[in-house]
Amino acid sequence: MSALAAKRIVILTGAGISAESGIKTFRAADGLWEEHRIEDVATPEGFAANPERVQRFYNGRRRQLLSDAVKVNPAHIALAELEKRFDGECLLVTQNIDDLHERAGSDDPIHMHGELLKMHCTRSGEVFEIHGDIHAELSCACCGKTGTLRPHVVWFGEMPLQMPCIEAALSQCDLFIAVGTSGNVYPAAGFVQLARHAGAHSIEVNLEASSQHSYFDEHRHGLASEVLPRLCEEILASS
Ligand code: BJW
């Protein structure tokens with residue numbers, strides 16, 4: 001039987017799947033972490049020290065996401081098609097805070113590192129949609145206070161979202177696919193080992209070998225927009 005003949009699939013996506021949509025990755029030579037210090041813009045301590053700088057960083061990324069320059073690519077579309085046509089369980093987990101999976105038609109992906117088009121109140125935890133800028137004068141709809149709103153994203157040292165649901169799916173999956181992630185950030189970087197422990201076949205789709213390369217059974221190196229549509233058709237043909 002083909003290793004692709006699966007009944008329960010978990011797919012993890014990272015910044016690489018949105019690179020061809022015009023969104024910068026983090027760790028490339030021209031990536032976001034070349035221009036910004038992680039400690040300054042992606043930690044609770046950085047936010048406490050300089051909230052304006054952090055809001056500026058995310059406001060800029062939100063504006064870009066909503067601009068005409070950003071569009072879904074064939075990799076997002078292939079995953080949405082797989083979800084629709086696959087005759088089993090398929091969970092899409094993304095580390096990305098963009099909404100490109102939803103725009104491509106994916107149904108309720110898990111955004112384990114949050115969402116750029118949402119903000120939350122640091123007093124109540126309540127989550128709101130936001131398409132404009134977050135700034136110091138913006139008052140919260142739940143408590144009426146200013147200065148309590150922050151991007152609904154997960155920074156280093158914070159707990160990623162929906163972990164029990166993700167871990168339950170990983171513990172039962174028979175196929176695990178990681179797309180466009182460097183495998184440097186935990187807990188996502190450890191998902192391949194959890195899936196292997198469950199007996200799943202694992203496939204890495206990436207431009208190059210990731211930090212978790214050696215844990216995968218199979219590697220498909222190349223552009224996600226080219227590799228993923230072929231892989232998804234193979235899975236559908238095998239199931
Ligand atoms: C293409 C492509 C194309 C390009 N086609 N491919 C020591 C050991 C182990 C862990 C720790 C440790 N010290 C601290 C920790 C924990 C820490 C951590 O992992 N630190 C590491 C630096 C070591 N993690 C945390 O703090 C997390 N929380 C946590 O652990 O809570 C406790 C816990 C315990 C137990 C269970 C559960 C939880 C929180 C991590 C939060 C990460 N946040 C960010 C920012 C989010 C908001 C934002 O977007 O600004 O998330 S950081 C950033 O990295 C972002 C990304 O989602 C994440 C991953 O990046 P990704 O997606 O892999 O992007 P890149 O750029 O790294 O890679 C892109 C890849 O695509 C490359 O390989 C390219 O080649 C490829 N590519 N074009 C195919 N066209």
Side-chain angles (χ1 to χ4, degrees), residues 11-47 53-62 64-65 72-76 78-79 93-101 109-120 150-168 170 177-194 203-213 216 219-231:
I11 301 159
L12 171 71
T13 64
I17 196 169
S18 295
E20 294 169 75
S21 293
I23 298 180
K24 281 188 174 182
T25 65
F26 294 92
R27 294 168 183 82
D30 64 345
L32 288 170
W33 295 159
E34 278 302 308
E35 297 161 13
H36 305 270
R37 291 178 66 229
I38 293 179
E39 299 77 11
D40 288 343
V41 297
T43 63
E45 294 78 15
F47 184 61
R53 173 165 55 199
V54 176
Q55 301 288 18
R56 211 165 37 245
F57 176 64
Y58 286 98
N59 286 341
R61 289 173 64 192
R62 190 177 305 106
Q64 194 223 358
L65 176 60
V72 299
N73 73 57
H76 298 107
L79 291 183
V93 180
T94 185
Q95 296 170 87
N96 299 342
I97 62 173
D98 65 54
D99 64 341
L100 296 181
H101 285 305
I110 292 183
H111 283 274
M112 64 178 289
H113 291 163
E115 293 175 71
L116 189 53
L117 301 183
K118 291 186 178 165
M119 59 184 177
H120 71 248
R150 59 161 272 189
H152 187 52
V153 300
V154 177
W155 290 321
F156 284 103
E158 296 183 323
M159 184 61 87
L161 307 174
Q162 299 194 53
M163 283 306 296
C165 177
I166 298 170
E167 283 167 354
L170 286 167
I177 305 169
V179 186
T181 178
S182 61
N184 285 308
V185 176
Y186 287 85
F191 287 177
V192 61
Q193 293 186 62
L194 296 179
I203 306 177
E204 172 173 271
V205 176
N206 212 52
L207 273 186
E208 61 206 353
S210 78
S211 303
Q212 305 300 322
H213 173 88
F216 287 87
H219 306 91
R220 302 211 179 184
H221 292 159
L223 293 170
S225 66
E226 293 175 1
V227 175
L228 211 47
R230 278 200 300 271
L231 174 59

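What's counted below: heavy atoms across the whole structure, side chains too, no hydrogens, waters or symmetry copies. As the structure lists them, so they are numbered: ligands from 1, and atoms in each ligand from 1.
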Chemist: Should Leu161 and His111 count as side-chain neighbours, where that means a heavy-atom distance under 4.5 Å?
Modeler: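 Result no, sub-4.5 Å side-chain heavy-atom pair not found.
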Chemist: Can you name the closest pair of heavy atoms from Ala189 and Gly183 and give their distance?
Modeler: CB-O, 3.4 Å
Chemist: If I compare all heavy atoms of Ala28 with all of Glu34, which pair ends up nearest, and what's the gap?
Modeler: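 Looks like O-CG, 3.7 Å.
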Chemist: Are there any N/O pairs under 3.5 Å between ligand 1 and the protein, and if so, what are their distances?
Modeler:
unit_1: ligand 1; atom_1: 5 (N); unit_2: Ala224; atom_2: N; d: 2.9
unit_1: ligand 1; atom_1: 6 (N); unit_2: Leu207; atom_2: N; d: 3.3
unit_1: ligand 1; atom_1: 19 (O); unit_2: Tyr186; atom_2: N; d: 2.7
unit_1: ligand 1; atom_1: 19 (O); unit_2: Tyr186; atom_2: O; d: 3.4
unit_1: ligand 1; atom_1: 24 (N); unit_2: Tyr186; atom_2: O; d: 3.0
unit_1: ligand 1; atom_1: 26 (O); unit_2: Gly157; atom_2: N; d: 2.8
unit_1: ligand 1; atom_1: 28 (N); unit_2: Glu158; atom_2: O; d: 2.7
unit_1: ligand 1; atom_1: 31 (O); unit_2: Glu158; atom_2: O; d: 3.3
unit_1: ligand 1; atom_1: 43 (N); unit_2: Val154; atom_2: O; d: 3.0
unit_1: ligand 1; atom_1: 49 (O); unit_2: Arg61; atom_2: NH2; d: 2.9
unit_1: ligand 1; atom_1: 50 (O); unit_2: Tyr58; atom_2: OH; d: 2.7
unit_1: ligand 1; atom_1: 50 (O); unit_2: Arg61; atom_2: NH1; d: 2.7
unit_1: ligand 1; atom_1: 51 (O); unit_2: His113; atom_2: ND1; d: 3.1
unit_1: ligand 1; atom_1: 54 (O); unit_2: Arg27; atom_2: NH1; d: 3.2
unit_1: ligand 1; atom_1: 54 (O); unit_2: Arg27; atom_2: NH2; d: 3.3
unit_1: ligand 1; atom_1: 57 (O); unit_2: Gln95; atom_2: O; d: 3.1
unit_1: ligand 1; atom_1: 57 (O); unit_2: His113; atom_2: ND1; d: 2.8
unit_1: ligand 1; atom_1: 60 (O); unit_2: Arg27; atom_2: NH1; d: 3.0
unit_1: ligand 1; atom_1: 62 (O); unit_2: Ala15; atom_2: N; d: 2.8
unit_1: ligand 1; atom_1: 63 (O); unit_2: Thr181; atom_2: OG1; d: 2.7
unit_1: ligand 1; atom_1: 63 (O); unit_2: Ser182; atom_2: N; d: 3.0
unit_1: ligand 1; atom_1: 63 (O); unit_2: Ser182; atom_2: OG; d: 3.4
unit_1: ligand 1; atom_1: 66 (O); unit_2: Phe26; atom_2: N; d: 2.8
unit_1: ligand 1; atom_1: 66 (O); unit_2: Arg27; atom_2: N; d: 2.9
unit_1: ligand 1; atom_1: 67 (O); unit_2: Arg27; atom_2: NH1; d: 2.7
unit_1: ligand 1; atom_1: 67 (O); unit_2: Ser182; atom_2: OG; d: 2.5
unit_1: ligand 1; atom_1: 68 (O); unit_2: Ser182; atom_2: N; d: 3.4
unit_1: ligand 1; atom_1: 71 (O); unit_2: Gly180; atom_2: O; d: 3.2
unit_1: ligand 1; atom_1: 73 (O); unit_2: Asn206; atom_2: ND2; d: 2.9
unit_1: ligand 1; atom_1: 75 (O); unit_2: Glu208; atom_2: OE2; d: 2.9
unit_1: ligand 1; atom_1: 80 (N); unit_2: Glu20; atom_2: OE2; d: 2.8

Chemist: Lys24 versus Glu35: any side-chain heavy-atom pair under 4.5 Å?
Modeler: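 With C-beta onward as the side chain, the pair touches.
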Chemist: Does some side-chain heavy atom of Leu32 sit less than 4.5 Å from a side-chain heavy atom of Phe57?
Modeler: yes
Chemist: Return yes if some donor-acceptor pair links the side-chain N/O of Ser211 with the main-chain N/O of Ser182 below 3.5 Å, else return no.
Modeler: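 Side chain of Ser211 to backbone of Ser182, a donor-acceptor pair under 3.5 Å: yes, one is there.
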